[in-house]
Novice: 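Sharing a structure here in structure tokens format.
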Amino acid sequence: MTTTSPHSSSQPWLHQKGAVIQEFGTVKQFPLGLSYEARMYACQRLNKVLADTQILYGLYKKHHWLLRGATFYQLHLLLDKHAGEQLELVDTIAERVQTLGGVAVGDSRHVAEITSIPRPPDGVEEVPAMLSRLLEAHETILTQAHDAASRTAELGDDGTNDLLVSQVIRTGELQAWFLAEHLVDTPLVRT
């Protein structure tokens, strides 16, 4: 007769708790050829951009769902496209934090604590207000990304600098342009 221990059965081990093995705000050593100072700085700045980018993604999805009016279809598609691009940035930024030995901010409650982007009303705003809110969020992220890119370049962190410039800044600038053009009041041309 064979005795089976509870650990070898197919029963899941439920309700487990574990010790925190790395605190948020710390970096562990990886052989990356970057100083502790460079990695710590990059992780702090990237986590700030990451939190704001997660909020921007959420704003895009909220506004995508709640749009109204004559431009509904075009903006519905545009905002969903932009949301998808922001979601890709979320993953890329988080992976860079992890690559540097840090801990990426991932819990939405933690994100809410460290974001710089103001919370929108729970209800539905007018479309121009929604677009303005998205533009303001983009500007917040772009301002942070420009500043962090300059400093990471000074610290020799080419990978973080490249991520900030070629992905965060370029994506954000292009999306801001598309949004801003929807807020232009074009006069009627009379012939």
Side-chain angles (χ1 to χ4, degrees), residues 20 22-27 38-67 75 78-153 155 157 159-180 182-183:
V20 173
Q22 184 181 355
E23 294 290 335
F24 182 80
T26 65
V27 292
R39 292 180 305 106
M40 180 61 92
Y41 177 82
C43 287
Q44 290 170 344
R45 294 304 299 269
L46 286 171
N47 267 320
K48 188 80 170 109
V49 171
L50 177 57
D52 288 344
T53 301
Q54 289 179 67
I55 295 296
L56 178 58
Y57 165 75
L59 284 175
Y60 266 115
K61 290 307 285 188
K62 176 183 178 171
H63 297 335
H64 159 81
W65 297 320
L66 302 180
L67 282 168
L75 282 174
L78 179 68
L79 297 190
D80 200 38
K81 177 183 180 292
H82 284 193
E85 293 166 354
Q86 288 300 317
L87 189 57
E88 286 180 27
L89 283 176
V90 165
D91 195 51
T92 302
I93 297 165
E95 288 176 353
R96 181 64 187 169
V97 171
Q98 296 300 129
T99 299
L100 292 168
V103 176
V105 60
D107 182 84
S108 57
R109 294 162 296 192
H110 190 187
V111 166
E113 290 172 5
I114 65 175
T115 188
S116 301
I117 297 172
R119 182 177 175 168
D122 291 335
V124 179
E125 293 179 285
E126 296 173 343
V127 172
M130 290 181 193
L131 298 180
S132 290
R133 186 174 298 285
L134 290 167
L135 282 169
E136 290 166 8
H138 272 294
E139 187 171 29
T140 297
I141 293 168
L142 288 167
T143 300
Q144 289 179 38
H146 282 291
D147 183 60
S150 296
R151 182 71 176 122
T152 56
L155 292 169
D157 185 353
T160 300
N161 174 272
D162 178 60
L163 165 70
L164 289 166
V165 173
S166 67
Q167 294 182 52
V168 175
I169 292 171
R170 289 200 178 129
T171 299
E173 288 175 344
L174 189 63
Q175 289 182 349
W177 172 48
F178 274 82
L179 293 174
H182 280 276
L183 293 174

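Note: hydrogens, waters and symmetry copies are ignored here, and every other heavy atom, side chains too, is used. Given the structure is predicted, the values throughout are model-derived calculations rather than measurements.
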Novice: Ignoring hydrogens and geometry, is there a side-chain-to-backbone donor-acceptor pair from Thr152 to Ala149 under 3.5 Å?
Specialist: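 Such a contact is found between Thr152 side chain and Ala149 backbone.
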Novice: Applying the side-chain contact (heavy atoms from CB on, under 4.5 Å) criterion to Leu46, which one of Val97, Val168, Thr53 satisfies it?
Specialist: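 Answer to the side-chain contact (heavy atoms from CB on, under 4.5 Å) test with Leu46 among Val97, Val168, Thr53: Val97.
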Novice: May I ask you to decide if Glu23's main-chain N or O and Thr26's side chain share a donor-acceptor pair within less than 3.5 Å?
Specialist: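 Indeed, once roles are kept as given, a pair shorter than 3.5 Å links the two residues.
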Novice: Can you see which heavy atom on Ile117 is nearest to which on Leu56, and at what distance?
Specialist: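 Smallest interatomic distance, heavy atoms only, reads CD1-N, 4.5 Å.
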Novice: Measure the OG1-CD distance between Thr92 and Gln86 for me, rounded to the nearest 0.5 Å.
Specialist: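 Atom-to-atom, Thr92:OG1 and Gln86:CD are 10.5 Å apart.
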Novice: Report the C-alpha distance between Arg109 and Glu113 in whole Å, list the side-chain angles of each, state the deciding distance to 0.1 Å, and finish with yes or no for salt bridge (Lys or Arg N to Asp or Glu O under 4.0 Å).
Specialist: CA-CA 7 Å; Arg109 294 162 296 192; Glu113 290 172 5; over 6 Å; no
Novice: Any chance you could measure Leu79, atom CG, to Met130, atom CE, to the nearest 0.5 Å?
Specialist: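 CE of Met130 is found 9.0 Å from CG of Leu79.
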Novice: Of all heavy-atom pairs between Gly123 and Leu66, which one has the smallest distance, and what is that distance?
Specialist: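 Heavy atoms of Gly123 and Leu66 come nearest at O-CD1, 4.2 Å.
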Novice: Quick check: do Ile169 and Leu142 have side-chain heavy atoms less than 4.5 Å from each other?
Specialist: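 Ile169 reaches Leu142 side chain to side chain.
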Novice: Looking only at non-hydrogen atoms, find the nearest pair between Gly101 and Gln22 and report the distance.
Specialist: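 Heavy atoms of Gly101 and Gln22 come nearest at O-NE2, 2.8 Å.
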Novice: Tell me the closest heavy-atom pair linking Arg133 and His63, and the distance in Å.
Specialist: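 Nearest pair, atom of Arg133 first, then His63: CD-NE2, 3.9 Å.
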Novice: Do other residues, nucleotides or ligands put more than 12 heavy atoms under 6.0 Å from the CD atom of Glu139?
Specialist: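 Open: at most 12 neighbouring heavy atoms sit under 6.0 Å from CD of Glu139.
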Novice: Strictly distance-based, threshold 3.5 Å: is any side-chain N or O of Asp157 a donor or acceptor partner for the main-chain N or O of Arg151?
Specialist: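 Here the side-chain-to-backbone pair does not exist.
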Novice: Nearest 0.5 Å, what's the CG-CG distance between Leu89 and Asp52?
Specialist: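 That separation rounds to 12.5 Å.
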Novice: Minimum heavy-atom separation for Tyr41 and Ala148, please, with both atom names.
Specialist: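 For Tyr41 versus Ala148, the nearest heavy atoms are OH-CA, 4.0 Å.
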Novice: Answer yes or no: is there an ion pair linking Asp162 with Arg96, defined by an N-O contact shorter than 4.0 Å?
Specialist: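 Looking at Asp162 and Arg96, the cut-off is not met.
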Novice: For Val105, is there any backbone N or O sitting under 3.5 Å from a side-chain donor or acceptor partner on Asn47?
Specialist: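 Yes, Asn47 side chain to Val105 backbone: donor-acceptor pair under 3.5 Å.
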Novice: Please find the pair of heavy atoms, one from Cys43 and one from Val27, that lie closest to each other, and give the distance.
Specialist: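 Shortest heavy-atom contact: SG-CG1, 3.6 Å.
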Novice: To the closest 0.5 Å, what do you measure between CD (Gln98) and CG (Leu100)?
Specialist: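 Between atom CD of Gln98 and atom CG of Leu100 there are 9.5 Å.
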Novice: Could you tell me whether a side-chain N or O of Thr115 sits under 3.5 Å from a main-chain N or O of Val111, the two making a donor and an acceptor?
Specialist: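 Checking the backbone N and O of Val111 against the side chain of Thr115, no donor-acceptor pair under 3.5 Å is found.
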Novice: Are the side chains of Ser116 and Gln144 in contact, using a 4.5 Å heavy-atom criterion?
Specialist: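 Yes, at least one pair of side-chain atoms sits under 4.5 Å.
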